[in-house]
4 protein chains.
Amino acid sequence: MPTQKVAPDSSRRSETARRAILTAAFDLVGDVGYAKLSIEGIAAAAGVGKQTIYRWWPSKGALLFDAFLALTTDGGQDGQGGALPDTGDLAADLKLVLRAVVDELNDPRYDLPMRALHTEIVHDPALAADYAKRLDGPMRELKKERLRAARRAGQLAEDVDLDVAVDLIFGPILNRWLQRTGPLTHGYADQVVDTALRGLRPHEA
Amino acid sequence: MPTQKVAPDSSRRSETARRAILTAAFDLVGDVGYAKLSIEGIAAAAGVGKQTIYRWWPSKGALLFDAFLALTTDGGQDGQGGALPDTGDLAADLKLVLRAVVDELNDPRYDLPMRALHTEIVHDPALAADYAKRLDGPMRELKKERLRAARRAGQLAEDVDLDVAVDLIFGPILNRWLQRTGPLTHGYADQVVDTALRGLRPHEA
Amino acid sequence: MPTQKVAPDSSRRSETARRAILTAAFDLVGDVGYAKLSIEGIAAAAGVGKQTIYRWWPSKGALLFDAFLALTTDGGQDGQGGALPDTGDLAADLKLVLRAVVDELNDPRYDLPMRALHTEIVHDPALAADYAKRLDGPMRELKKERLRAARRAGQLAEDVDLDVAVDLIFGPILNRWLQRTGPLTHGYADQVVDTALRGLRPHEA
Amino acid sequence: MPTQKVAPDSSRRSETARRAILTAAFDLVGDVGYAKLSIEGIAAAAGVGKQTIYRWWPSKGALLFDAFLALTTDGGQDGQGGALPDTGDLAADLKLVLRAVVDELNDPRYDLPMRALHTEIVHDPALAADYAKRLDGPMRELKKERLRAARRAGQLAEDVDLDVAVDLIFGPILNRWLQRTGPLTHGYADQVVDTALRGLRPHEA
DNA sequence: TTGTAAACGAGACGGTACGTCGTGTCTTTGT
DNA sequence: ACAAAGACACGACGTACCGTCTCGTTTACAA
């Protein structure tokens with residue numbers, strides 16, 4: 001099997017500059033926030049000419065997205081081989097995952113960059129599509145895979161739409177984080193999982 | 001019944017200018033989008049000096065919020081007397097409401113302004129608090145009221161946290177709208193309601 | 001002899017406000033300089049509404065002029081009874097006067113206000129006319145009077161134009177002060193008087 | 001003879017922009033006057049960004065000065081080779097020069113710009129120093145050179161300070177122009193020269 | 001003595017310009 | 001050919017004042 005190497009945009013391209021830019025972008029947005037994040041600032045922080053940024057990224061959002069992708073997928077491999085845990089207990093596994101998500105969203109190191117990225121996505125359909133394909137898509141597939149396994153194990157209704165299920169489980173956490181409508185805690189994560197699995201209706205008998 | 005008079009911020013304040021600004025802000029954000037929305041532009045469109053905006057609003061977000069509040073609460077009374085429908089059939093009622101939400105989110109007249117407002121809220125905790133108190137809060141209360149009625153009618157489990165329930169029902173729609181992870185249709189709204197009410201687990205016998 | 005009282009512009013006019021404004025204007029221009037002098041600042045410093053200034057003065061220059069007139073003519077009466085000294089020695093008398101002028105121009109308390117007033121005069125012909133009539137005119141008359149006396153005493157050529165003579169004596173000092181083309185000293189004043197009186201040509205035998 | 005090339009402030013600097021700015025500044029001040037002269041207006045008239053002005057000039061006065069220098073020294077070379085006329089008749093030569101000065105000061109094309117420049121010099125010591133060195137200084141040297149020649153020819157007293165002499169001859173014209181204390185005519189110029197040369201005292205026998 | 005009309009302090013208003021910052025493009029000068 | 005550097009035209013920022021315009025509140029004259 002041939003080594004699957006991601007082709008660089010150009011053989012001429014300076015890998016040094018690329019990494020410096022991505023790192024600077026990620027760090028800067030964490031420091032100064034989304035509103036004060038500027039291409040100029042990123043270039044200066046990266047020790048790079050502005051043109052080098054404009055040459056390779058079409059928009060601040062795209063750069064932010066790449067920065068995010070590069071610096072979160074780096075050490076751990078969230079999206080590649082990282083399947084969701086499967087101990088057989090769906091609720092427990094989901095709680096584990098959701099608690100991890102909650103922790104990440106509460107981590108100030110990721111909070112600002114993720115909010116920034118989120119904003120760009122909200123306003124840029126092209127970026128949203130890219131996001132759906134390269135970040136949300138793979139993640140969602142992993143989640144659906146876990147649910148499929150649960151269904152096979154008889155822990156999930158046959159007629160449940162897996163996408164809706166994923167939305168039901170992960171949507172509320174994201175919203176509470178974005179809009180700060182309440183504290184984002186492990187307890188809340190557990191409640192969401194339990195409620196989503198069980199449903200809102202009274203338990204029959 | 002005493003005259004219900006809203007106290008103005010200042011007796012000196014020009015109501016004409018205030019309304020012109022709010023209208024211009026709302027209209028402009030719909031025209032040019034969030035990224036190109038400028039105080040300068042709003043002032044020009046409103047026929048107003050910039051200082052008049054800076055004098056009364058602390059940030060672009062606050063202005064946007066007020067504009068949103070003033071121009072959506074105006075004709076219809078969303079938050080005051082507008083209780084959620086209660087026909088006795090919880091699922092049907094929720095679907096009705098959610099479909100209305102979907103329609104609104106799909107209305108290009110509201111799409112851009114709402115995205116803009118959302119972005120400001122995401123990045124400004126103070127504004128988020130204001131939003132929680134003045135917009136989301138009352139709405140949420142109405143929703144919870146409907147759920148309480150359903151619970152009294154035995155259509156809702158006694159031990160369900162109402163806030164979590166609201167999040168479960170309304171969160172997914174908001175997310176799909178923001179991130180464009182899929183088409184925002186009546187069908188999707190129905191699916192969310194059904195799944196949320198019934199739960200993900202297999203139906204017991 | 002009836003008291004020669006200057007009629008106020010209006011019986012309603014507040015003398016308190018008027019004096020506060022003139023004082024504030026003079027003091028402020030000395031503090032912050034001409035460029036940063038603002039009507040708004042004067043009003044604030046005087047504890048007065050802006051309109052009270054606009055009501056009584058047509059321009060910043062006019063106000064500055066009045067302030068100057070009021071606060072320099074106050075204690076000593078420069079223009080009324082203050083004839084130039086006449087000891088019989090024209091050169092000595094002129095040197096005395098010129099040295100006093102030099103001292104005044106070197107006094108930081110008067111430097112900035114006078115420069116400000118000068119600037120307004122240079123750019124505003126109407127103000128220049130007013131200045132010529134109310135400040136420069138009387139002063140010049142006094143100077144010419146002294147020169148007339150000198151002429152009667154045979155110390156001045158019969159055919160000398162007195163206005164030109166005054167210009168010749170006082171012009172150079174003013175210029176050196178304004179343009180800082182050299183140090184403004186008593187010695188310079190003496191040189192100017194001597195040279196002006198004697199002329200540039202070689203002394204005949 | 002080596003090419004005498006003035007070093008630009010920076011190799012990167014756009015000569016086009018520089019000239020456009022200087023020209024626009026000079027023209028604008030002539031059109032709208034000193035009070036209404038704005039950097040913004042100059043930039044617009046020059047088809048240039050404001051920053052390009054702020055980048056290269058520390059103040060409006062400095063820009064005005066450069067504009068003046070560039071646009072008056074351009075065609076004719078006022079300061080370089082332009083020695084004062086020397087026909088042997090000092091009075092006649094001085095009258096010629098002074099009449100030319102009078103004409104220039106009366107030329108509406110130069111009146112407003114010169115008043116503006118004068119004002120900036122009066123209020124800005126740094127600019128005054130620059131002016132003394134680059135404009136007034138060379139001019140004054142030419143004048144003094146002519147006077148030195150006259151002295152050598154026995155037409156000037158040996159003990160006369162040449163700076164004072166220059167002040168005496170040129171000061172009055174400048175003052176009358178600035179303060180409009182009288183009409184600025186050739187006749188006045190002649191009178192000043194005659195009086196300055198002859199002195200105010202009676203002609204001895 | 002009491003209106004009443006002005007001048008007053010305060011300050012909001014529509015504007016203009018300020019001086020700064022960031023945009024995205026372009027040019028210059030090394031590698 | 002790409003990169004660092006940075007000038008450029010442009011546009012928006014948030015601030016300071018402009019001169020005009022109400023607002024109540026004194027204040028002094030006239031009824």
Side-chain angles (χ1 to χ4, degrees), chain A residues 10-14 16-18 20-21 35-44 46-56 58-60, chain B residues 9-18 20 35-44 46-56 58-60, chain C residues 9-18 20-21 35-44 46-56 58-60, chain D residues 9-18 20 35-44 46-56 58-60:
Chain A
S10 157
S11 56
R12 295 270 206 224
R13 181 165 186 182
S14 156
T16 314
R18 189 183 144 270
I21 290 165
K36 311 214 136 184
L37 183 70
S38 65
I39 301 277
E40 198 131 341
I42 294 169
V48 140
K50 280 198 292 178
Q51 199 62 274
T52 305
I53 296 183
Y54 284 109
R55 189 158 21 233
W56 301 110
S59 70
K60 197 156 69 181
Chain B
D9 297 0
S10 157
S11 58
R12 292 243 194 275
R13 184 163 185 184
S14 156
E15 182 61 17
T16 314
R18 190 183 140 269
K36 308 213 140 186
L37 183 69
S38 66
I39 299 277
E40 198 131 350
I42 295 169
V48 139
K50 279 198 287 179
Q51 201 59 41
T52 303
I53 296 182
Y54 285 110
R55 189 158 24 231
W56 300 110
S59 68
K60 197 155 70 181
Chain C
D9 298 0
S10 155
S11 57
R12 295 273 219 239
R13 182 164 185 183
S14 157
E15 183 60 18
T16 314
R18 190 183 142 269
I21 290 166
K36 309 214 139 186
L37 183 69
S38 66
I39 300 278
E40 198 130 343
I42 295 169
V48 139
K50 280 198 290 177
Q51 199 60 270
T52 303
I53 296 182
Y54 285 109
R55 184 153 32 228
W56 301 110
S59 70
K60 196 155 70 180
Chain D
D9 298 358
S10 158
S11 57
R12 293 249 199 269
R13 183 163 186 184
S14 156
E15 183 60 17
T16 314
R18 189 183 142 270
K36 310 213 137 187
L37 183 69
S38 66
I39 300 279
E40 198 130 352
I42 295 169
V48 139
K50 279 197 288 179
Q51 201 60 42
T52 303
I53 296 182
Y54 285 110
R55 190 161 19 237
W56 300 110
S59 68
K60 197 156 70 180

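Order of the sequence lines sets the chain letters (A, B, ...), proteins ahead of strands, with each chain counted from 1.
Nearest-nucleotide positions on DNA chain E place Arg18(C) closer to the 5' end than the other of Gly41(A) and Arg18(C). Both Ile39(A) and Gly49(C) lie close to DNA chain E; mapped to their nearest nucleotides by heavy-atom distance, the more 5′-ward contact belongs to Gly49(C). Comparing Ser14(D) and Thr52(A) by the nucleotide of DNA chain F that holds the closest heavy atom to each, the one mapping nearer the 5' end is Thr52(A). For the pair Lys36(B) and Ala46(D), nearest-nucleotide mapping onto DNA chain F gives the more 5' position to Ala46(D).
The nearest pair of heavy atoms linking Ala46(D) to Ala20(D) is CB-O, 3.5 Å.
To the nearest 0.5 Å, atom CH2 of residue Trp56(B) and atom CZ of residue Arg13(B) are 5.5 Å apart. Atom CD1 of residue Ile21(A) and atom CD1 of residue Ile53(A) lie 4.5 Å apart, to the nearest 0.5 angstrom.
Between Arg55(D) atom CZ and dA9(F) atom P there is a gap of 8 Å when expressed in whole angstrom units. We find that CH2 of Trp56(D) is positioned 11 Å from P of dG6(F), with the value rounded to whole Å. Distance CD1 (Ile53(D)) to P (dC8(F)): 11 Å, rounded to an integer number of Å. Taking atom NZ on Lys60(D) and atom C1' on dT16(E), their separation rounds to 12 Å, with Å as the unit. In this structure, CD1 of Ile42(C) is placed 13 Å from C1' of dC18(F), rounded to the nearest angstrom. Counting to the nearest Å, the C1' atom of dT15(F) and the CD atom of Glu40(B) are 12 Å from each other.
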Close N or O pairs between protein and nucleotides 20-23 of chain F (under 3.5 Å):
residue	atom	partner	partner atom	Å
dC21(F)	N4	Gln51(C)	NE2	2.3
dC23(F)	O2	Arg12(B)	NH2	3.0

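Distance alone, capped at 3.5 Å, is enough to place a donor-acceptor pair between the Lys60(A) side chain and the Leu37(A) backbone.
Checking dC8(F), dC8(E), dA12(F) against the side-chain heavy atoms of Ser38(B) singles out dA12(F) as nearest.
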